[in-house]
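What you see is a predicted model, and the numbers here were worked out from it, not measured in a lab.
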Amino acid sequence: MSTAPFLPFAGQRFAVVGLGRAGLPSARRLVEWGAEILCWDDGEAAREAARAAGLPVGDPSKVARFDFDALLLSPGIPHLLPRAHPAAAAAARTGVPVICDAELLFRAVRASGSAARFVGITGTNGKSTTTALIHHLLARAGHEVAVGGNLGPAALGLPLLGDSGIYVLEMSSYMLERMQSLRFDIAVQLNLSPDHLDRHGGMDGYAAAKMHVFDRQDRTSLAVVGMDDEWGAHFTAGRAGKATRISGTTRQPGGVWAEGRILRDDDGPIADLGIARALPGSHNAQNAAAAAAVALHFGLTREDIAAGIGGFPGLPHRQEAVGTISGIAFVNDSKATNADSTERALASYDRVVLIAGGVPKAGGIAPLAPLFPRIAHAVLIGEAAEDFAATLSAHGVSHEVAGTLEAAVPAALASARRSGTDVVLLSPACASFDQFSGFDARGDAFRAQVASMMETV
């Protein structure tokens with residue numbers, strides 16, 4: 001008996017712009033599911049990869065008529081601020097919506113007749129860890145679950161799940177403002193601090209983008225909201241459905257919170273975070289509280305949650321222990337691309353030699369001043385090195401400019417040996433694009449260099 005092919009986008013035309021990690025797999029899936037597409041990337045190498053895959057390539061901003069059903073635009077490419085990409089400008093002129101691949105996944109799942117549930121996780125920091133932890137807990141408990149989005153596989157590359165399936169999607173602010181029909185059965189907003197302000201026109205625009213994670217929720221939905229910053233009340237106001245408040249430090253009646261290293265709710269202890277080596281610090285206690293709130297909603301027992309949290313392996317590039325040399329631990333926190341994220345890492349250790357720098361974000365590292373006493377010595381790299389050096393000098397923090405990560409790692413080891421410090425922490429507080437293709441490439445280089453040094457000791 002033959003089965004008819006699944007073609008949810010038959011008869012629809014999409015422009016796909018940005019053929020990187022998400023764009024190229026999305027283009028292939030759209031063709032597989034019946035769509036007519038036109039692909040484009042501003043880089044010739046990416047265009048050649050699309051041609052090699054048999055995909056039609058052309059600049060949609062230069063076609064005679066921009067008659068597409070939607071523009072699937074890579075999250076990293078602006079459609080409004082600071083300046084719209086030509087394809088986005090063409091879409092705006094013709095009233096064509098700009099969407100993200102998670103939106104198309106949702107449409108395809110519903111077109112298949114599946115009632116699979118969707119969990120969306122966002123926040124300035126911690127969303128990758130929380131997404132991975134939720135997936136870990138649900139998968140360990142036997143749920144049919146797929147994870148992706150801003151973390152891991154592109155959303156449109158995930159498999160179709162049945163009625164009992166659960167999609168766990170990390171959602172960036174860039175993705176959230178490009179949804180049309182996607183509704184999250186559970187939406188998690190962890191925290192908010194200044195980031196991507198050029199893309200959103202300031203903090204109010206950034207907060208508005210994050211607020212989209214709650215779009216179309218109703219009284220059957222759950223909103224999980226972090227209360228450890230001043231924006232928590234903003235995100236809980238006016239919720240149509242149930243709101244569960246979470247915290248890494250403070251009691252939240254009706255919610256989930258941590259008291260010291262004990263995760264709990266109104267019914268008592270849930271898990272001892274002291275045995276969760278991959279979740280140090282109060283910020284990770286909040287991440288664990290969010291994951292526990294989601295897991296409880298899906299019917300996991302407290303015992304399941306405790307065992308799952310205790311066995312969580314953590315994420316690469318997020319306070320990842322990559323090796324030890326002469327009793328000195330090397331920690332890869334390359335995913336810390338802003339000062340707020342580095343603050344959370346520094347708060348997890350009493351004393352460190354810090355490797356920081358790259359492409360700076362607004363405000364630099366000045367917000368880290370209360371934690372400067374924890375820095376025995378700083379080794380600085382990248383475009384931000386001189387500015388960071390000036391800030392550290394003003395606060396009397398020992399530092400040196402190494403320039404490159406290759407030079408910084410042995411310099412940090414030498415400093416740790418001199419000062420008796422037992423942790424070298426790569427937590428750059430910067431983007432990586434001055435010297436690396438991404439934070440993951442930066443973290444991989446750090447890990448490889450530490451491994452090489454371990455072999456020679």
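Salt-bridge annotation for Glu320 and Lys335: absent, with no side-chain N of the basic residue lying under 4.0 Å from a carboxylate O of the acidic one. With respect to the salt-bridge test (charged N to carboxylate O, under 4.0 angstrom), the residues Asp215 and Arg183 do not qualify. In this structure, Arg107 pairs ionically with Glu103, as a charged nitrogen and a carboxylate oxygen lie closer than 4.0 Å. Note on Asp265 versus Arg302: salt bridge recorded, some NZ/NE/NH1/NH2 to OD/OE distance being below 4.0 Å. Look at Arg261 and Asp272 and you find no salt bridge, because none of the NZ, NE, NH1 or NH2 atoms lies under 4.0 Å from a carboxylate O.
Not one N or O on the side chain of Asp333 forms a donor-acceptor pair closer than 3.5 Å with the backbone of Leu426. Judged by distance alone, the side chain of His85 and the main-chain N or O of Ala87 form a donor-acceptor pair under 3.5 Å. Between the side chain of Arg442 and the backbone N or O of Phe436, no donor-acceptor pair lies under 3.5 Å. Side-chain atoms of Ser432 come within 3.5 Å of backbone atoms of Gly438 as a donor-acceptor pair (strictly under, hydrogens ignored). With hydrogens and angles disregarded, a donor-acceptor distance shorter than 3.5 Å links the side chain of Arg21 to the backbone of Gly152. Here the side chain of Ser172 pairs a donor or acceptor atom with the backbone of Met175 at under 3.5 angstrom. In terms of modelled atom types and a separation under 3.5 Å, the side chain of Arg374 and the main chain of Ala347 share a donor-acceptor contact. In this structure, the side chain of Thr404 engages the main chain of Ala407 through a donor-acceptor pair within 3.5 Å. With hydrogens and angles disregarded, no donor-acceptor distance shorter than 3.5 Å links the side chain of Gln435 to the backbone of Glu383.
Taking the side chain as every heavy atom from C-beta outward, Ser348 and Leu346 never approach each other to under 4.5 Å. Contact annotation: the side chain of Ser173 approaches that of His200 to within less than 4.5 Å [non-hydrogen atoms, C-beta and beyond]. Val331 has its side chain out of reach of Phe446: every pair of non-hydrogen atoms, C-beta onward, lies at least 4.5 Å apart. Counting only heavy atoms from C-beta outward, the side chains of Lys361 and Thr337 approach each other to under 4.5 Å. Between Arg318 and Ser341, some side-chain heavy-atom pair lies under the 4.5 Å cut-off. Considering only heavy atoms from C-beta on, Ser427 comes within 4.5 Å of Leu354 through its side chain. Between Thr342 and Ile365 there is no side-chain heavy-atom pair separated by less than 4.5 Å. With contacts defined as side-chain heavy-atom distances shorter than 4.5 Å, the pair Phe184/His212 does not qualify.
Taking CD1 of Ile121 as the start and CD1 of Ile186 as the end, the distance is 9.0 Å to the nearest 0.5 Å. Here the CG-CG distance, from Leu169 to Leu105, works out to 6.5 Å after rounding to the nearest 0.5 Å. Arg277 CZ to Gln319 CD: the interatomic distance, rounded to the nearest 0.5 Å, is 15.0 Å. Here Leu368 contributes atom CG and Phe388 contributes atom CZ; the two are 8.0 Å apart, rounded to the nearest 0.5 Å. Note: Ser26 OG to Asp101 CG = 4.0 Å, rounded to the nearest 0.5 Å. Note that CG of Leu19 and CZ of Arg47 are 9.5 Å apart. Values are rounded to the nearest 0.5 Å.
Side-chain contact of Arg351 with Thr421: a donor-acceptor pair under 3.5 Å is absent, judged by distance alone. In this structure, a donor-acceptor pair under 3.5 Å is absent between the side chains of His377 and Ser419. Defined by atom type and a distance below 3.5 Å, a donor-acceptor pair is present between the side-chain atoms of Asn332 and His317. Counting only N and O atoms by type, the side chains of Lys210 and Thr122 include a donor and acceptor under 3.5 Å apart. Counted by atom type alone, Thr129 and Asn287 present zero donor-acceptor pairs between their side chains at under 3.5 Å. A side-chain donor from one of Tyr206 and Thr124 sits under 3.5 Å from a side-chain acceptor of the other. Looking only at atom types and distance, the side chain of His283 has no donor-acceptor partner in the side chain of Asp228 under 3.5 Å away. Side-chain contact, His79 with Tyr174: no donor N or O sits under 3.5 Å from an acceptor N or O. With no hydrogens or angles considered, a side-chain donor-acceptor pair links Asp304 and Thr301 at under 3.5 Å. Looking only at atom types and distance, the side chain of Asp229 has no donor-acceptor partner in the side chain of Asn191 under 3.5 Å away.
Under the 30°/60° scheme for interplanar angles, the aromatic rings of Trp231 and His234 are found to stand perpendicular. In this pair, Phe372 and His395 present their aromatic rings perpendicular. The plane angle is above 60°, beyond the 30 to 60° band.
The two residues Tyr167 and Leu160 have their closest heavy-atom pair at OH-CA, 3.3 Å. Nearest heavy atoms, Ala329 versus Thr324: CA-OG1, 4.2 Å. Residues Met203 and Leu197 come closest through the heavy atom pair SD-CD2, 3.7 Å. Contact record, Ala288 with Leu273: CB-CD2, 3.9 Å, taken as the closest heavy-atom pair. Annotation for Arg199 and Leu81: closest pair CD-O, 3.1 Å, computed over non-hydrogen atoms. Smallest separation of non-hydrogen atoms from Val401 and Ala389: CG2-CB, 4.3 Å.
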- Quick one: do Ile328 and Arg417 satisfy side chain to side chain contact (heavy atoms under 4.5 Å, CB included)? Show the steps, please. CA-CA 8 Å; Ile328 299 165; Arg417 284 171 167 161; 3.8 Å; yes
- Test side chain to side chain contact (heavy atoms under 4.5 Å, CB included) applied to Lys127 and Asn150, step by step: CA-CA 9 Å; Lys127 54 186 178 291; Asn150 197 53; 4.0 Å; yes
- Task: For side chain to side chain contact (heavy atoms under 4.5 Å, CB included), just list the numbers for Met211 and Phe235, CA-CA rounded to whole Å, side-chain angles, deciding distance to a tenth of an Å, and then say yes or no.
- Result: CA-CA 7 Å; Met211 184 70 83; Phe235 288 111; 3.9 Å; yes
- Dump the intermediate steps for side chain to side chain contact (heavy atoms under 4.5 Å, CB included) on Asp266 and Trp257, then the final yes or no. CA-CA 9 Å; Asp266 289 340; Trp257 70 96; 3.5 Å; yes
- Message: Would Asp185 and His297 count as a side-chain hydrogen bond (donor to acceptor under 3.5 Å, both in side chains) here? Give the steps.
- Response: CA-CA 11 Å; Asp185 299 275; His297 184 80; over 6 Å; no
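The 12-atom threshold is not exceeded at CD of Glu406, counting heavy atoms of other residues, nucleotides or ligands nearer than 6.0 Å.
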